[in-house]
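The structure appears right after this line, and notes come after that.
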Amino acid sequence: RRRDRLRPMTVAAPEEVISVGLLPAQYEALHAEEPYVGYFGGIGAGKTHLLCYFVGRRAIEYPAGVHVITALTYDQLALTIEPRMIETLASWGVSAEIRTGPRRIVLDTGAQIICRSIDRPEPLRGIEIDTLGADEFDFYPEKAVNVLLGRLRGRKADRSRMLAASSPNGYRFGYRFFSREPSERPELKQSRRLVQAQTKDNWFLPPDYVRDLEDAYAAIPGLADQELRGLFVNIGSKAACPTFDRNKHVRPCKLVPTA
């Protein structure tokens, strides 16, 4: 088995086997042509792995670019995102270290990945971003999201790109940006791609993992759809009709005036 350091997705000769460690939904998101990609998945659907893969690969391909990865808190960055990023880079033979002041991951290629907590997005206003990896995007305040989107105008890569990896969180900004708005305005589909991943599609998980969670979530309507299937649903909002699903029961209509 061999890993291609810069382009792990290249097709090998018939006698070669390349282990890329990506699930089908992850592969789809990573190779989407649209500049804005939303990867919404259940627990264990590989959101963090994909996020680090995306940002790390872009940092290697465009070492002079401005690459940013964001999380809800600095604890989340320190305990989850940064160790996984270091691990992902190491699997490609790239050494990296975490530095502070400002907090960033520095690769041995000279590239840098800026790490920021979304609770203080204002410092990002002064930079032009080539790559943005947004962890748990659907839990970000909309004000912070608007700051991030406004900075995606870097000039040191093929084009500015964003990957938003998140668990779904009701019908919030992630749903509007990646699902509702492109449905209402088809021209937006040229720049936005929604990829939804199910927990059961991750063959690296223990055999009984999904079944046990299905049983645990059965008492709360919609919880398994959100947490295991990556679907946008209403949970805990005391809806008048809990079985209502706007993805199924709402559609555009054209009003025809009558005399």
Side-chain angles (χ1 to χ4, degrees), residues 3-9 20-23 25-41 45-74 76-99 102-118 121 123-124 127-138 140 144-145 147-149 151-166 174 193 195 197:
R3 290 179 183 268
D4 186 304
R5 175 173 170 177
L6 295 183
R7 301 186 181 278
M9 296 300 143
V20 296
L22 290 177
L23 304 171
Q26 292 173 324
Y27 187 94
E28 177 187 348
L30 188 69
H31 286 78
E33 295 182 358
E34 296 84 353
Y36 303 107
V37 178
Y39 184 82
F40 287 79
K47 299 182 290 293
T48 302
H49 177 68
L50 175 65
L51 195 75
C52 293
Y53 201 113
F54 167 74
V55 177
R57 181 174 174 179
R58 294 269 296 176
I60 293 173
E61 292 179 333
Y62 305 101
V66 178
H67 312 288
V68 178
I69 192 163
T70 58
L72 289 170
T73 66
Y74 274 108
Q76 188 177 6
L77 281 169
L79 297 176
T80 304
I81 302 298
E82 291 170 346
R84 179 64 66 86
M85 179 66 74
I86 298 293
E87 178 184 332
T88 299
L89 292 169
S91 72
W92 301 336
V94 178
S95 299
E97 63 178 5
I98 300 170
R99 297 182 185 174
R103 196 174 188 93
R104 63 203 186 279
I105 298 173
V106 180
L107 285 61
D108 62 6
T109 61
Q112 298 189 34
I113 300 170
I114 300 171
C115 303
R116 286 290 182 272
S117 168
I118 204 61
L124 292 172
I127 62 176
E128 296 182 346
I129 299 174
D130 294 288
T131 304
L132 173 63
D135 188 52
E136 294 299 0
F137 175 84
D138 215 16
Y140 288 8
V145 173
V147 171
L148 293 174
L149 294 178
R151 307 317 304 170
L152 278 168
R153 58 188 194 197
R155 304 175 185 178
K156 298 178 181 179
D158 57 343
R159 67 183 302 179
S160 293
R161 294 184 179 274
M162 177 184 79
L163 174 68
S166 183
R193 168 78 72 90
V195 179

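In terms of modelled atom types and a separation under 3.5 Å, the side chain of D130 and the main chain of V66 share a donor-acceptor contact. With hydrogens and angles disregarded, a donor-acceptor distance shorter than 3.5 Å links the side chain of R161 to the backbone of E33.
Looking only at side-chain heavy atoms (C-beta outward), C115 and R104 stay at 4.5 Å or farther from each other. Counting heavy atoms from C-beta outward, E82 and I69 have side chains that stay 4.5 Å or more apart. Between I60 and L89, the closest side-chain pair of non-hydrogen atoms falls below 4.5 Å. The shortest side-chain heavy-atom distance between I129 and M162 does not fall under the 4.5 Å cut-off. Taking the side chain as every heavy atom from C-beta outward, D158 and R58 approach each other to under 4.5 Å. You'll find the side chain of Y62 stays beyond 4.5 Å of the side chain of T131, heavy atoms only. The closest side-chain heavy-atom distance from V68 to L148 is not below 4.5 Å.
E28 meets the side-chain hydrogen bond (donor to acceptor under 3.5 Å, both in side chains) test with R193; sequence neighbours excluded. Taking the side-chain hydrogen bond (donor to acceptor under 3.5 Å, both in side chains) definition, one finds that T88 meets it with nothing, sequence neighbours left out. Y36 pairs by the ring pair (Phe, Tyr, Trp, His ring centres under 6.0 Å) definition with F177, not counting sequence neighbours.
H31 and Y27 have parallel rings, their planes meeting at less than 30° on a 0 to 90° scale where 60° marks the start of perpendicular.
When every heavy atom of R57 is checked against every heavy atom of W92, the shortest pair comes out as N-CZ3, 3.6 Å. A pairwise comparison of heavy atoms in A32 and V37 identifies CB-CG2, 3.7 Å as the closest pair. The shortest non-hydrogen separation linking I118 to A144 is CG1-CB, 3.6 Å. Contact detail for Y74 and R116: the closest heavy-atom pair is OH-CD, 4.0 Å. Considering all non-hydrogen atoms of both residues, A96 and I105 come closest at CB-CG2, 3.9 Å. Across S117 and L72, no two heavy atoms sit closer than the pair OG-O, 3.3 Å.
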